[in-house]
Structure formats: structure tokens, C-alpha cells
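Report on the following structure.
Every value quoted in this text rests on a predicted model; they were computed, and no experiment measured them.
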Amino acid sequence: MANDPSAAGAPPAAAAALKSFKHFINGEFVDSKGGKSFEKRSPADNTLIGHVQEGGQPEIDAAVAAAKAAMEGPWGRMSIDERAALLHKVADEITRRFGDFVAAEMADTGQPKSMMEHAFIPRGAANFKIFADVVKNVATESFMTPTPDGAGALNYALRVPKGVIGVICPWNAPLLLMTWKVGPAMACGNAVIVKPSEETPGTATLLGEVMNAVGVPKGVYNVVHGLGPNSAGEFLTKHEGVAAITFTGETRTGAAIIKNTSDGIRDVSFELGGKNAGLIFADCDFDAAIEGTMRSVFLNCGQVCLGTERLYVERPIFDKFVAALKAKAEALKTGPSEEKGVNLGPLISKEHQTKVLSYYAKAKAEGATIVTGGGVPEMPGALANGSWVQPTIWTGLPETASVIREEIFGPCCHITPFDDEADAIRMANDTKYGLSTAIWTSNLSRAHRVAAKVEVGITWINSWFLRDLRTPFGGSKQSGIGREGGVHSLEFYTELRNVCVKL
Ligand code: NAD
């Protein structure tokens, strides 16, 4: 089974036939017992790519049983060194099959090949190595405790895996965001059950082949495909055998999941939505600010949780900034993944296209000045059926407008002028979300001052999306619960036990 191309989806050209995305449970690719499946369509032209098995209660039960058996079996007995070495092999095998991973992710998301090759796939592989190394090097605490008899007591901590971890993922950077959780969870000795997004079944399935190829014991890594409510997602969050849920996705989905996990009092780690501000001061390096803002608005067709859909620009450079961003946005090349020079792909699905276009319509109805875009680009041939939208910039709306308050998750932004620093901070913080901010200024004191006042989990100064995986990553307010990255991931995926020895 390990190299069965029909299991994980080979590139469309090679497969010619439709793909079949199967569950990966206990080391084997399997269909749903109930025979249910759903379609996966291409974001670029809406053609049918294949069928995805829809998991139900029997598949979740089987995956939990396999994961528990793995924890009690060879996986649970493995030393940290052995586990870390195996995770390095996982990363190396992803790199060896780089082309397959790039092809699977491109087919699922439709995003430019260059982005897959330079960022999403290599970073996805690196997550296994980085967390293996972190886990090996973290000490536990100990205390000498005085006692009345003078002999004292030694308190020390043991760090143990939490158990079976449910990993629920979104579609916007499928492999990267999934391994960001699976890497540390496995490094800490847990077994995982991944529920990939229904939009992006490819790379999670392919990773099953990798796990088998390098000898990860069966049951450690499981994939159950399916939808959210009344499907694999909900059944996973409700299962009593699952010790904790780590989830990345929309805030309202997080709210539904927390209700389901409350029954068994299970731990959650949430990376949720955002409505992030870019703050551009008149003293910034103008070209760098335009370059960085282009990325923070349009990368991945705006489908990045850390993206800046709200820009606040200091009045003296407002007109110049709007004109420069418009010129650059209009120079973006929209097209399919493989085409040379393309830097804007389609949205993930027709459903998401409808959502983004509804915001384009709302902006117009609420009286926005449409600086550029606002509709669907003309695409040639079959591409006309894909989920394309134009890169879009608005100005002139009050802070109460829907496109300023709600997360759109598309290639668009609204730009508002501001007159002083306090004004900019107030508007940046006037949101229920708190994920990220990008500040552009050459005044060092101002940069630190503003960074300390914006209510977000991560602030970039004169950059955006620059990540050191050892740093704490997560959202404030309704953008998340907990932090991931470096030792912070370790905190979630392990439990500390105290042992007290009376001397
Ligand atoms: P989503 O919430 O619709 O879906 C995410 C996953 O949850 C999918 O696998 C889905 O099937 C599953 N799901 C849906 N309902 C469920 C339920 N009731 N129980 C269990 N599982 C359920 O999100 P999406 O549209 O896939 O992703 C986009 C969202 O993700 C945006 O809001 C974006 O900001 C957010 N996001 C956040 C981060 C971050 O780090 N904070 C990173 C990437 C994406």
C-alpha cells in the first residue's frame, strides 16, 4: 500500500484518472465503512480532481484505538533519541518526495508553484526536525524543599506525552499548518489523528506513505478525512479517547469545538481568525513598506491568517501610498500554479469565491471608493470556471464598515488615513481579533512603543511573516487560545508530573 498512487493522489497529469483520497488508519489506506465520500474540485478551473472518503464514527473509533495501541506499544517505549531520529527521517523523506508534495498541494490549493517550492513544502518538512531537536534539549524543573526534620525533600518533574491528540486543520497552507502541530505532538511521544480540511486532502494523505516508508510504528499518525459538524471533525472532538484537540481555523468553528471538548474536560490549543492591521508611518522606508504590504495583503491570494486586511497610513503619505499600492496590485499576474511569473492564484473554492465577492459587493453598497479591482478577472478557456477574484483596494469607509470589521480572507484591503500615533493604535485595537500587526516606521522608539500597545500575539516591525519557529506564536482576544512554537508547543503536547521524594 505504501506507494499506491491512488491512495494519496499523484499529480493529475500522471494519474489521468480521478484521485481517491483514503483514510490512513493504523498504517493502512482504507475506505469509509459507510461508503460515504465527497468531491474535491480544482480551484483553478473547477474540474473534478477526485473523491475524498468521508469518515464517520467508525473511522474515528478505529483511529483512536490504533493511536492508543501505538502509545502502549513500540512508540510508547521508544527513547527520545530514537523518536527524534525517526522524525528527521520523516523530514528527509518529504524532501526526497518533494515533487509529489508540491504537486499535491498545488492541485489542492491552486497557489503558485514557486510559493510551494520555496516556502510551504520545505517549511512543512522542517517542522519535524525543529521540534525533534527542541524536545531533546528541554530540561525539567527541580526544587530542594526544606522540611521540619532538616532532611528536606527533593521535588522533580517528569514530562510525559499527553496521549492521543486530535489535529484539525484549515486549507490555506495545508502541510505547513498540519506539521506545525503533528511535528511537536509526535516529538513529544503522542499519537495523532489528523482531520485535514475537506478542501485539501492531498498532502496529509501523502504523509501517510512517508510515515510507512521510514518505519513510524502503525497507529502513531492517522488521517481521517471528512467534514466538520456531524462528521469526522465533530466526532473527533467528542471522542473520550482523545486527550486534547489542537485546531487552526475560523473563530466560530473554535467556539463549536470548545463546546464539544468541554464534556470530557479536554485541553485545547486554538489558532483562530484575524483582522490584522498594518500601521504605516510617514517616516517609514516607503519602498520597503509597499513591498511588505503587497505581501501581507496579497500572498496566497490573501488567504493568510496573518494578512493585513486593514491598513492605516499616516496622512502626509496617504495619497502616495494608495497610488503605489494600486500600481503594484494592478501589476500582479493572476494565473494557474505552473505558469511562469504568476503571483496570484485562485481562491480555494467556488464557495469561498462567493463569500469574498459578497464582501466586494458590501464594500460597494456601503459607499467605498474602489481604488482597484472589486470583481472577477477575465480568465481564458476553462480557467473562467475557477475561483478567481481581482486584487482589490478600497478607501473612504468608516471604521464600522463590514470589510473593516469582518475577516474576509481574500486579496483585498481597506486603507484609512490617520493623524497621530494614538489614533492609529486605537483603530488597530478596535477589533475582537488579536492575531498580528505590521508596523512600518524608521523611528525606533516609536516602533517599540507602538508594539507594546497593540493587542496581538505577534507584531512585525518593518517586516511581515518573518518567523523564527522557537518564538511564541498565537492570538490574543478571539484569535486564539495558547501559544505554539519552540517550548510553547512542548507545554501543550506534554504533561508535567511532580514527584516529591522525602529525604
Ligand atoms: P474552518 O474553521 O472552516 O475549518 C477548519 C477545520 O475545522 C476544517 O478541517 C473543518 O472541516 C473543521 N471543522 C469545521 N467545523 C467543525 C466542527 N464543528 N467540529 C470539528 N471540526 C470542524 O476554517 P478554514 O476555512 O478551513 O480556514 C480559514 C480560517 O482559518 C480563517 O479564519 C483563518 O484566519 C484561520 N487560520 C488561522 C491561523 C492562525 O494561525 N491563527 C492560521 C491559518 C488559518
Do [X] and [Y] have side chains that approach each other closer than 4.5 Å (heavy atoms only, starting at C-beta)?
| X | Y | answer |
| --- | --- | --- |
| Leu236 | Val224 | no |
| Met186 | Val220 | yes |
| Lys113 | Val102 | yes |
| Met178 | Leu207 | yes |
| Cys169 | Val194 | yes |
| Asp108 | Glu199 | no |
| Pro122 | Phe98 | yes |
| Val135 | Tyr493 | no |

Rounded to the nearest 0.5 Å, what's the gap from [atom1] on [X] to [atom2] on [Y]? Could you check?
| X | Y | atom1 | atom2 | value |
| --- | --- | --- | --- | --- |
| Glu59 | His23 | CD | NE2 | 4.5 Å |
| Ser197 | Ile168 | OG | CD1 | 11.5 Å |
| His448 | Thr459 | NE2 | OG1 | 12.0 Å |
| Leu347 | Asn300 | CG | CG | 10.0 Å |
| Arg97 | Ile121 | CZ | CD1 | 12.0 Å |
| Trp460 | Trp440 | CH2 | CH2 | 11.0 Å |

| task | Run the ring-centre check on Phe409 versus Trp171 and record whether the distance is less than 6.0 Å. | result |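 Yes; Trp171 has its ring centre under 6.0 Å from that of Phe409.
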| Under 30°, 30 to 60°, or over 60°: which ring-plane class applies to Phe29 and Phe24, parallel, tilted or perpendicular? |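 Rings of Phe29 and Phe24: tilted, 30 to 60°.
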| Mutual orientation of the aromatic rings belonging to Trp180 and Phe473 [parallel < 30°, tilted 30-60°, perpendicular > 60°] | perpendicular
Under a 3.5 Å distance rule, please check whether [X] uses its side chain to pair with a backbone N or O of [Y] as donor and acceptor.
| X | Y | value |
| --- | --- | --- |
| Lys40 | Val52 | no |
| Thr237 | Ile257 | no |
| Gln53 | Ser32 | yes |
| Asn222 | Val64 | no |
| Thr140 | Ala157 | yes |
| His225 | Gly55 | no |
| Ser387 | Ile348 | no |
| Asn276 | Gly307 | yes |
| Asn212 | Gly27 | yes |
| Asp31 | Lys22 | no |

Does atom [atom1] ([X]) have a neighbourhood of more than 12 heavy atoms from anything else shown, all under 6.0 Å?
| X | atom1 | answer |
| --- | --- | --- |
| Lys259 | NZ | no |
| Arg467 | CZ | yes |
| Arg449 | CZ | yes |
| Lys33 | NZ | no |
| Lys350 | NZ | yes |
| Lys477 | NZ | yes |
| Lys129 | NZ | yes |

| request: Please assess Leu86 against Met78 for the test side-chain contact (heavy atoms from CB on, under 4.5 Å), listing each intermediate value before the final yes or no. | output: CA-CA 10 Å; Leu86 206 44; Met78 231 179 243; 3.8 Å; yes
Will you find, in the side chains of [X] and [Y], an N or O donor that is under 3.5 Å from an N or O acceptor?
| X | Y | answer |
| --- | --- | --- |
| Glu406 | Tyr359 | yes |
| His88 | Asp133 | yes |
| Glu105 | Thr203 | yes |
| Glu234 | Asn230 | no |
| Lys181 | Thr248 | yes |
| Asp149 | Thr147 | yes |

Which atom names give the shortest non-hydrogen contact between [X] and [Y], and what distance separates them?
| X | Y | value |
| --- | --- | --- |
| His352 | Ile408 | CE1-O, 3.6 Å |
| Ser476 | Arg483 | OG-NH2, 3.9 Å |
| Leu177 | Pro170 | CD1-CG, 3.6 Å |
| Glu198 | Lys195 | OE1-NZ, 3.3 Å |
| Gly475 | Leu435 | CA-CD1, 3.7 Å |
| Phe492 | Ile245 | CZ-O, 3.6 Å |

| task | Mind running side-chain contact (heavy atoms from CB on, under 4.5 Å) on Arg405 and Lys275 for me, showing each step along the way? | result | CA-CA 7 Å; Arg405 303 221 66 84; Lys275 188 72 185 178; over 6 Å; no
| Cation over ring, Arg310 on Tyr433, under 6.0 Å and within 45°? |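 Because its charged atom misses either the 6.0 Å distance or the 45° angle limit, Arg310 does not stack over Tyr433.
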| task | Step by step, work out the side-chain contact (heavy atoms from CB on, under 4.5 Å) result for Phe298 and Leu344. | result | CA-CA 7 Å; Phe298 299 114; Leu344 199 74; 4.3 Å; yes
| said: Between Thr246 and Glu484, does the side-chain contact (heavy atoms from CB on, under 4.5 Å) criterion hold? Intermediate values first, please. | reply: CA-CA 10 Å; Thr246 174; Glu484 295 185 284; 3.7 Å; yes
